[in-house]
Chemist: 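Dumping the structure here so I can ask a few things about it.
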Amino acid sequence: KSEFRAHDEAITALAFHPNRPLVATAGDDLTIKIWNHETGRQVWQVIGPTRSPTRLVFSPSGRRLASVEQGSHVRVWELPDLKD
């Protein structure tokens, strides 16, 4: 068991990568982050949702991440090669 601080505010959404040991988190701090859940290391971050995301979903390939913000606004993020 391990713990790490992911966000400065409450976590509002979470999604696991379909093929790799990665987890995406979104929070009330209006950030979306991707973490290696084996090491606890952050591998990607975006500051940009205008409202707290309520849902995160990886594409089947894991190359995109969709976020749904309060009010049903959907954004699709093209992800870089997430090397740890």
Side-chain angles (χ1 to χ4, degrees):
K1 179 182 171 185
S2 64
E3 293 182 18
F4 58 92
R5 184 173 184 89
H7 292 268
D8 292 330
E9 301 283 337
I11 292 175
T12 58
L14 180 131
F16 287 92
H17 192 279
N19 308 317
R20 299 182 54 203
L22 302 174
V23 62
T25 59
D28 279 337
D29 59 2
L30 303 180
T31 64
I32 298 172
K33 301 177 182 181
I34 297 179
W35 308 86
N36 180 313
H37 62 73
E38 292 177 342
T39 67
R41 185 170 174 263
Q42 181 180 313
V43 297
W44 183 80
Q45 173 178 314
V46 66
I47 300 170
T50 56
R51 295 183 179 139
S52 298
T54 58
R55 186 160 185 213
L56 295 172
V57 179
F58 279 101
S59 65
S61 68
R63 293 183 187 152
R64 292 181 186 90
L65 179 68
S67 65
V68 180
E69 298 174 15
Q70 294 171 351
S72 300
H73 185 226
V74 177
R75 293 178 189 247
V76 178
W77 308 93
E78 291 284 335
L79 301 175
D81 187 17
L82 300 172
K83 294 188 179 184
D84 194 21

Chemist: Between T31 and Q45, do the side chains contain a donor N or O and an acceptor N or O under 3.5 Å apart?
Modeler: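 Note: Q45 and T31 side chains miss the donor-acceptor criterion.
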Chemist: How far apart are the closest heavy atoms of L56 and A15, and which atoms are they?
Modeler: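 Residues L56 and A15, closest heavy atoms: O-CB, 3.4 Å.
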Chemist: Rounded to the nearest 0.5 Å, what's the gap from CG on L14 to CH2 on W35? Could you check?
Modeler: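 Going from CG on L14 over to CH2 on W35, the span is 12.0 Å.
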Chemist: For residues T50 and E69, report the shortest heavy-atom separation together with the two atoms involved.
Modeler: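 Shortest heavy-atom contact: OG1-OE1, 3.1 Å.
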Chemist: For atom CZ of R75, decide whether the heavy atoms of other residues, nucleotides or ligands shown that lie under 6.0 angstrom number more than 12.
Modeler: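 For R75, atom CZ is crowded (more than 12 foreign heavy atoms under 6.0 Å).
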Chemist: Is the backbone of N19 close enough, under 3.5 Å, to the side chain of H17 for a donor and an acceptor to pair up by distance?
Modeler: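 Yes: the side chain of H17 pairs with the backbone of N19.
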Chemist: For residues G62 and L79, report the shortest heavy-atom separation together with the two atoms involved.
Modeler: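 What the structure gives for the nearest pair is O-CD1, 3.6 Å.
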Chemist: First locate atom CG of L65, then atom CD of E78, and finally report the distance between them rounded to the nearest 0.5 Å.
Modeler: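 Atom-to-atom, L65:CG and E78:CD are 10.5 Å apart.
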Chemist: Output the distance between atom CG (D28) and atom CD (Q70), rounded to the nearest 0.5 Å.
Modeler: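 Answer rounded to 0.5 Å: 7.0 Å.
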Chemist: Can you tell me if D29 uses its side chain to pair, donor with acceptor, with the backbone of D8 under 3.5 Å?
Modeler: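 Between the backbone of D8 and the side chain of D29 there is a qualifying donor-acceptor contact (under 3.5 Å).
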Chemist: How far apart are the closest heavy atoms of G27 and S52, and which atoms are they?
Modeler: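 The answer is O-OG, 4.1 Å.
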Chemist: Quick check on the hydrophobic clustering: are V68 and V46 connected, directly or via other members, by side-chain heavy-atom contacts under 4.5 Å?
Modeler: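 In one cluster: no.
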Chemist: How long is the straight-line distance from CG of L30 back to OG1 of T12, given to the nearest 0.5 Å?
Modeler: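 These two atoms lie 8.5 Å from each other.
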Chemist: Atom CD1 of I34 and atom CZ of F58: how far apart are they, to the nearest 0.5 Å?
Modeler: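 That separation rounds to 4.0 Å.
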Chemist: What heavy-atom pair brings P18 and P60 nearest, and what distance separates the two atoms?
Modeler: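 In terms of heavy atoms, the two residues are closest at CG-O, 3.4 Å.
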Chemist: Give, for atom NZ of K33 and atom CD1 of I11, the distance between the pair rounded to the nearest 0.5 Å.
Modeler: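 Those atoms lie 9.0 Å apart.
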